[in-house]
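Notes follow the structure.
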Amino acid sequence: MPDRPPRAPRSESREIVELRQLKTSQPELASAVDMQIALVDMQRRVQARVPLPWIQVDPEWLRQQQAAGRPLVRFRDIPLEWTDFRLTFRQTADILHRFDALERADYQKVVSLGRDGNLLEPIVTSWYESTAGVEHADAARADADRHRAAAGAPASLDQVLILAIRPFLARCADALNQRIDLATWSHGHCPFCGWEPDFAVITPGAERRLICGRCLAQWRFAPLTCPFCANDDRALVTSFATRDGRYRVYACDVCRRYLKAYDARNAPRPVLVAVDSIATLPLDAAAMQRGYVG
Ligand SMILES: [Zn+2]
Ligand SMILES: [Zn+2]
């Protein structure tokens with residue numbers, strides 16, 4: 001057999017390149033980095049095959065939703081093909097379990113749920129509708145509780161759902177972002193899917209943009225207001241930065257929740273949530289030590 005030249009490495013996204021660098025510079029984060037690489041890689045492959053949806057929105061409905069603080073993506077707008085979703089759901093559960101982020105008993109329940117479309121589909125639909133709050137959220141909440149109880153779904157199911165729906169939901173934010181003006185959206189929850197922010201970025205222009213923990217959409221928000229309880233008393237917001245000034249934590253002394261941010265002023269690159277959320281795991285520990293919750 002002639003020697004084959006080594007295969008050229010597959011082109012890697014910037015996130016994955018940066019995650020590998022992070023693993024070298026902070027070896028104590030190795031396991032979290034490896035899990036993130038597996039998730040990012042899987043989500044990227046799924047997202048590449050999900051079509052950009054054409055979401056029909058009546059301008060008057062849009063105006064009313066925004067005025068009422070209700071988000072814009074209805075479940076039926078999500079280009080979610082169930083066979084593909086079930087595969088993504090299963091792969092997400094596999095990765096979380098492999099890295100000990102999902103206990104064995106929960107993993108087994110989640111996997112068996114994923115095999116049964118009759119159980120999974122109503123759970124996913126009612127979970128999205130009850131947490132997005134686009135329309136009739138109260139009825140959806142009762143449905144969600146009923147379906148989950150009937151299926152014996154563990155609480156950790158949420159973590160799997162958030163990650164599994166992301167590549168599908170992110171396409172909706174992509175589609176709407178180009179057509180919608182979010183200048184008047186001043187809420188702490190995501191204008192597209194209604195979820196909470198999980199990270200933030202301080203832009204070079206010193207604005208703060210929140211980043212959705214479910215669909216990764218970004219929206220502008222007051223720099224020192226708590227997005228979780230709307231507390232805007234500066235004396236009751238504790239903010240501290242890492243020594244290198246790259247990251248910051250905003251902690252609310254009213255609701256005790258905190259949010260991490262990447263400070264893009266004078267930074268060498270834009271925010272990369274997949275990387276920055278892992279690089280800041282030591283900040284989570286620091287915030288929790290001070291009695292705040294994520
Ligand atoms: Zn969102
Ligand atoms: Zn608060």
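Whatever order the structure lists ligands and atoms in, that order sets their numbers, starting from 1. Basis for what follows: all heavy atoms, side chains included, without hydrogens, waters or symmetry-related copies.
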(request) Starting from the C-alpha separation in whole Å, work towards a yes-or-no answer on ring pair (Phe, Tyr, Trp, His ring centres under 6.0 Å) for Tyr262 and Phe199. (result) CA-CA 8 Å; Tyr262 176 76; Phe199 209 82; 7.7 Å; no
(request) Tell me, please, whether Tyr292 has Arg256 positioned over its six-membered ring: NZ or CZ under 6.0 Å from the ring centre and within 45 degrees of its axis? (result) yes
(message) Could you tell me if Arg70 sits above the aromatic ring of Trp185, with its cationic atom closer than 6.0 Å to the ring centre and no more than 45 degrees from the axis?
(response) no
(request) Can you tell me, to 10 degrees, how wide the angle at the Zn ion (ligand 1) is between SG on Cys190 and SG on Cys215? (result) 100°
(request) Determine, for Trp127 and Arg214, whether the Lys NZ or Arg CZ falls below 6.0 Å from the six-membered ring centre while staying within 45 degrees of the axis. (result) yes
(message) Below 2.8 Å, which protein N, O or S atoms neighbour the Zn ion (ligand 2), ignoring water?
(response) Cys226 SG, Cys229 SG, Cys252 SG, Cys255 SG
(request) Kindly say whether Leu102 contributes a backbone atom to a donor-acceptor pair with the side chain of Ser156 at under 3.5 angstrom? (result) no
(request) Please identify each residue that fulfils ring pair (Phe, Tyr, Trp, His ring centres under 6.0 Å) with Phe168, with sequence neighbours left out. (result) Phe85
